[in-house]
Amino acid sequence: MTNKERLKRAIVEDFNKPNNYDKIMNKIEMEGKMRKENNLLKWVLIPICLILVISGIILLNNKKENTLEKKKYITYECNNVSLNINNLDKTDITSLDTDIKTVSGVNIPYPFKVNEDGEEFIIPKDLTQIKNYIVYTKKDKDSKKYDEIANYIIDITNGSDRGIVIKYAMDQDPIRDYYFREENSKITTINDVDLKIYKYGNSFYTIFSYNGYNFDIETANITEDEFTDYLVSILR
Amino acid sequence: MASQTNLYKFNDIYDKTYLDLLKYVIIKCHNINDANDIIQEVYLELWNILNKKELLNNNIKSYLIGIANNKIKKHYTLLQKIKTISIFAKNDKDMELIDLLEDKINIENIVIEEDNWNLIWQFIKAKNNQDIPKVFYLYYRLELSIKEIAKELKVSESYVKNLIYRTLKELQIKFGNGGVSND
């Protein structure tokens, strides 16, 4: 064999027709497989994706609902009374500026019913200091005169960090220096009176109407039991 | 069934067109080492087309060349095209001098062990000037004349001769008996 023939043979081997054919057939087979797999994946993945998306939406909604429910309230049982305490967090509360004047040491109407024993209400024994206030607002905003009674306040404290503040008004809600959303709040019923009870930190807030008055009651460092006893004692 | 018919048709086209298409791809590609890949891509596309539509046999070769052109264009980035431009002047007048050289170097004068010809072909293929393996393919594989090769590659005949002469000389030094003829 001549060198020319040997070189020719090397070139023919390099661009080998049967070899290239086999490689083309392999590629065709691979493409077919991939196409089948892609089709399969497409038909499997689309329903899976749909299921995942739907499940995700459902889960998210459930989670939201659960979070809301969890955030909304806890139920506290005490002396056969169930308090549904709605939880508030910082984002729920907005402080308000109110233009008022408070007058202390005045006689105010007593809003609760006194029982046969003359007992007014049950409060923790250390809350011995009681003060009454009248809150006035202006009839005319531009006026300098605080000439309209907005609400009354009974402030009961231990002289330190524990206390109960009872605000009440007859024809309107007592003036608050804060605001929070009351929608969807869980209602507590004590002696046929519906109350909305909220908790924020060590404080309870209660809103209800009773005996012709609208009440806002706010506590500081009062326990659930003490709070329950107090509410039961005033809502006779 | 359709697939089987297509396979017969494909095999027939492959048999009839392989060499011509390979020649076209080798002439047009920037690197001869890519020729096999490009050829495979062209026939793969042909297979896919056959499965999609009816092809008329009378124009199949031109059709494949059209596919090959697209594949070659896609295969090379602009940077690769620039890199593979030959640094040799293809129509340099100095090349004409080669015609005056005594043709002492002949491929048959190179003493090389039989097994090394695959290695030599790989060496030729690895040349920076890719006209060299193209010329060798056309000259030694397809046995075209210098004139035909010059026409196919659109270069001068002396340039083709020069590439063959210089490469054979290099092969003799590198793989042969140091330039000593075995005559």
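All values below were derived from every heavy atom in this structure, side-chain atoms included, with hydrogens, water molecules and symmetry-related copies excluded.
Residue contact with chain B, scored on non-hydrogen atoms closer than 4.5 Å, involves the backbone of N16(A) exclusively. Heavy atoms closer than 4.5 Å to chain A are found in both the backbone and the side chain of L44(B). In this structure, the portions of I32(B) lying under 4.5 Å from any heavy atom of chain A include both its backbone and its side chain.
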Inset, instruction - Start with the C-alpha distance between W117(B) and R9(A), add both sets of side-chain angles, then the distance that settles side chain to side chain contact (heavy atoms under 4.5 Å, CB included), and finish with yes or no. - result: CA-CA 9 Å; W117(B) 281 98; R9(A) 194 176 63 183; over 6 Å; no
Inset, instruction - Determine, step by step, whether R6(A) and I120(B) satisfy the side chain to side chain contact (heavy atoms under 4.5 Å, CB included) criterion, reporting the C-alpha distance in whole Å, the side-chain angles of both residues, the deciding distance to 0.1 Å, and the verdict. - result: CA-CA 10 Å; R6(A) 285 173 188 144; I120(B) 287 170; over 6 Å; no
Inset, instruction - Mind running side chain to side chain contact (heavy atoms under 4.5 Å, CB included) on K17(A) and D15(B) for me, showing each step along the way? - result: CA-CA 9 Å; K17(A) 193 176 170 183; D15(B) 277 336; 3.3 Å; yes
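Distance check, rounded to the nearest 0.5 Å: CD1 of I26(B) to CZ of F15(A) gives 4.0 Å. We find the CG-CG distance between N19(A) and N36(B) to be 8.5 Å, quoted to the nearest 0.5 Å. Expressed to the nearest 0.5 Å, how far CG of N33(B) lies from CG of D14(A) amounts to 7.5 Å. In this structure, NZ on K4(A) lies 5.0 Å from CD on E143(B), to the nearest 0.5 angstrom.
Counting only residues at least two apart or in different chains, salt bridge (charged side-chain N to carboxylate O under 4.0 Å, His left out) contacts with residues 217-226 of chain A comprise R162(A)-E226(A), K199(A)-E224(A). Sorted by first and then second residue, the salt bridge (charged side-chain N to carboxylate O under 4.0 Å, His left out) pairs involving residues 26-45 of chain B (not counting sequence neighbours) are E45(B)-K71(B).
Within 6.0 Å of CG on D192(A) lie no more than 12 heavy atoms contributed by other residues, nucleotides or ligands. Atom CG of D140(A) has more than 12 neighbouring heavy atoms from other residues, nucleotides or ligands inside a 6.0 Å radius.
For residues 20-28 of chain A, the interface with chain B (any heavy-atom pair closer than 4.5 Å) comprises N20(A), Y21(A), K23(A), I24(A), M25(A), K27(A), I28(A), sorted by residue number.
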Please list, one pair per line, the donor and acceptor atoms closer than 3.5 Å that link side chains of residues 132-139 of chain B to other protein atoms, with sequence neighbours excluded.
{"from": "K134(B)", "atom 1": "NZ", "to": "I27(B)", "atom 2": "O", "distance (Å)": "2.9"}
{"from": "K134(B)", "atom 1": "NZ", "to": "C29(B)", "atom 2": "O", "distance (Å)": "2.6"}

